[in-house]
Amino acid sequence: MIFALLLATAAQAAAPAEPAALVPTGKWRVEYADTMCILSHEYDTGAGKVTLALRPLPMSTETQVALFTPGTGAIVPEGKAEIALSPGGPPTSGTYQRFTPPNQPVRVATMYFAGTALDGLEKATAISLRLGKDAYRLAVPGISGGMEVLASCQADLLKGWGIEMHERSTLSRPASGNPGRFFDSHAYPAAAVSAHEQGRVVAVASIAVTGRVEKCTIVATSKSPSLDAATCAILRTQGRFSPALDLAGHPVASHLIVPVRWVLPES
């Protein structure tokens, strides 16, 4: 019994201490952008301002989280990221990209997680983030009110894309899958490589009951015609997803928001 207690104590001592939650200043803000809705909050560390920005795409395979932190100097530009809600289940793994804007004492990190990473956020009291070795814990009081405004923004966004917000409520499971497997370096359009073009595209894919993509529409352009055209061409010819299920559990046609980040392959 004593031995077991000693083992438990040792294990607790070896576990990394969770950072104290930063307390936000001001109120939640919702930005109505042309291609996304952003819910953000600011925090004061005493040494500078931290901004948390949540960028969930409705009916999508991906959720973006951005973090702006004070600091200068060398950074690790990309790596593995984690997000966890408190209270909530285990952390969700993802990736991050990080940079320092010229002549600004701030570091910008954009994290990419599965579309379900923020499920249950309206009941959370804190969000924990890990970017490589850097850890942050942010209190999120009043998050449910912010989520209501965010939902209104997302409904307007979907309507502009030709999707009714109530579609999600008619499904027991949305269409799902990993679109990244269709977009490897061999898929990069030669014209875009020659022109050194890269960027982010957001497409609305109409998913049939078979899981095939019947229609594809670009709703956020990369500003490269080659990349935009390749995105829809690949989804229509190669895209295979698990179809959505209605409330009775039967496959039904639905929509899926597919963000694609085109990054030039290394030479």
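This chain uses plain numbering: 1 for the first residue, then up along the sequence.
Among residues two or more places apart in sequence or in another chain, the side chain to side chain contact (heavy atoms under 4.5 Å, CB included) test is passed with Ser254 by Glu167, Leu171, Ala175, Ile207, Ala244. Val263 is linked by a side chain to side chain contact (heavy atoms under 4.5 Å, CB included) to Gln198, counting only residues two or more places apart in sequence or in another chain. The side chain to side chain donor-acceptor pair (under 3.5 Å) search around Arg200 returns none, not counting sequence neighbours. Here Thr110 pairs with nothing under the side chain to side chain donor-acceptor pair (under 3.5 Å) rule; sequence neighbours left out. Qualifying ring pair (Phe, Tyr, Trp, His ring centres under 6.0 Å) partners for Phe113, counting only residues two or more places apart in sequence or in other chains: none. Residues passing the side chain to side chain contact (heavy atoms under 4.5 Å, CB included) test with Ser93, sequence neighbours excluded: Glu82. In terms of the side chain to side chain donor-acceptor pair (under 3.5 Å) criterion, residue partners of Ser224 (sequence neighbours excluded) are, by chain and number, Glu197. By the side chain to side chain contact (heavy atoms under 4.5 Å, CB included) test, Thr61 pairs with Pro179, Leu256, Pro259, sequence neighbours left out. With sequence neighbours excluded, no residue forms a side chain to side chain donor-acceptor pair (under 3.5 Å) with Thr217.
Summarising the local packing, CZ of Arg29 is surrounded by 12 or fewer heavy atoms from other residues, nucleotides or ligands at distances under 6.0 Å. Arg261 CZ: more than 12 foreign heavy atoms inside a 6.0 Å radius.
Other residues sharing the hydrophobic cluster of Val204, ordered by chain and number and joined by side-chain separations under 4.5 Å: Leu57, Met59, Leu157, Leu158, Trp161, Ile163, Met165, Val202, Val219, Ile257.
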Could you go through the side chain to side chain contact (heavy atoms under 4.5 Å, CB included) check for Leu39 and Ile143 one step at a time? CA-CA 10 Å; Leu39 177 63; Ile143 185 65; 3.8 Å; yes

Assess whether side chain to side chain contact (heavy atoms under 4.5 Å, CB included) is satisfied between Asp134 and Arg98, documenting all intermediate values. CA-CA 12 Å; Asp134 297 334; Arg98 203 174 197 181; 2.9 Å; yes

Quick one, Leu67 with Val65, criterion side chain to side chain contact (heavy atoms under 4.5 Å, CB included). Give me CA distance, side-chain angles, the key distance, then yes/no. CA-CA 7 Å; Leu67 193 67; Val65 177; 5.8 Å; no

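Rounded to the nearest 0.5 angstrom, Leu227 CG and Trp262 CH2 are separated by 6.0 Å. A distance of 3.5 Å separates CG of Asp228 from OG of Ser222, quoted to the nearest 0.5 Å. Atom OG of Ser144 and atom CH2 of Trp28 lie 10.5 Å apart (nearest 0.5 Å). If you take OG1 on Thr95 and CD on Glu78, they are separated by 8.5 Å, rounding to the nearest 0.5 Å. Atom CG of Leu118 is separated from atom OG1 of Thr92 by 8.5 Å, given to the nearest 0.5 angstrom. Interatomic distance, OG1 of Thr72 versus CG of Asn103, reported as 11.5 Å (0.5 Å rounding).
In the hydrophobic clustering of this structure, Tyr136 groups with Val76; members are Ile, Leu, Val, Met, Phe, Trp, Tyr whose side-chain heavy atoms approach within less than 4.5 Å, directly or through other members. Note on Leu131 and Tyr112: separate hydrophobic clusters, where clusters join Ile, Leu, Val, Met, Phe, Trp and Tyr whose side-chain heavy atoms are under 4.5 Å apart, directly or indirectly. Using a 4.5 Å cut-off between side-chain heavy atoms of Ile, Leu, Val, Met, Phe, Trp and Tyr, with links allowed through other members, Leu121 and Ile38 fall into different hydrophobic clusters. Linking ILVMFWY side-chain heavy atoms closer than 4.5 Å, directly or via other members, places Val149 and Val140 in a single hydrophobic cluster. The same ILVMFWY cluster, assembled from side-chain heavy atoms under 4.5 Å apart, contains both Ile234 and Ile218.
By the 4.0 Å N-to-carboxylate-O rule, Arg55 lies too far from Glu31 to be salt-bridged with it. Salt-bridge annotation for Asp246 and Arg173: absent, with no side-chain N of the basic residue lying under 4.0 Å from a carboxylate O of the acidic one.
Side chains of Ser176 and Ser242 form a contact here, defined as non-hydrogen atoms less than 4.5 Å apart. For the pair Ser206 and Cys216, the minimum side-chain heavy-atom distance is 4.5 Å or more. At a threshold of 4.5 Å between non-hydrogen side-chain atoms, the residues Pro141 and Thr125 do not count as touching. Here the side chains of Cys232 and Val201 are not in contact, with every heavy-atom distance at 4.5 Å or above.
The shortest non-hydrogen separation linking Ser169 to His166 is OG-O, 2.6 Å. The two residues Arg130 and Lys133 come nearest to each other via the heavy atoms NH1-O, 3.9 Å.
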Identify every side-chain donor-acceptor pair in residues 44-53 under 3.5 Å, counting partners at least two apart or on other chains, and give the distances.
unit_1: Asp44; atom_1: OD1; unit_2: Gly46; atom_2: N; d: 2.9
unit_1: Thr45; atom_1: OG1; unit_2: Ala47; atom_2: N; d: 3.1
unit_1: Thr45; atom_1: OG1; unit_2: Gly48; atom_2: N; d: 3.2
unit_1: Thr45; atom_1: OG1; unit_2: Gly48; atom_2: O; d: 2.8
unit_1: Lys49; atom_1: NZ; unit_2: Glu42; atom_2: OE2; d: 3.4

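With Tyr32 contributing its side chain and Asp156 its backbone, the two residues share no donor-acceptor pair below 3.5 Å.
Listed by first then second residue, pairs satisfying ring-ring contact (aromatic ring centres under 6.0 Å, His included) with a partner in residues 222-255 read Phe182-Phe241, not counting sequence neighbours.
A cation-pi contact, defined as under 6.0 Å to the ring centre and within 45° of the axis, is absent between Arg107 and Phe68.
Taking the ring centroids of His186 and Tyr188, they lie at or beyond the 6.0 Å cut-off.
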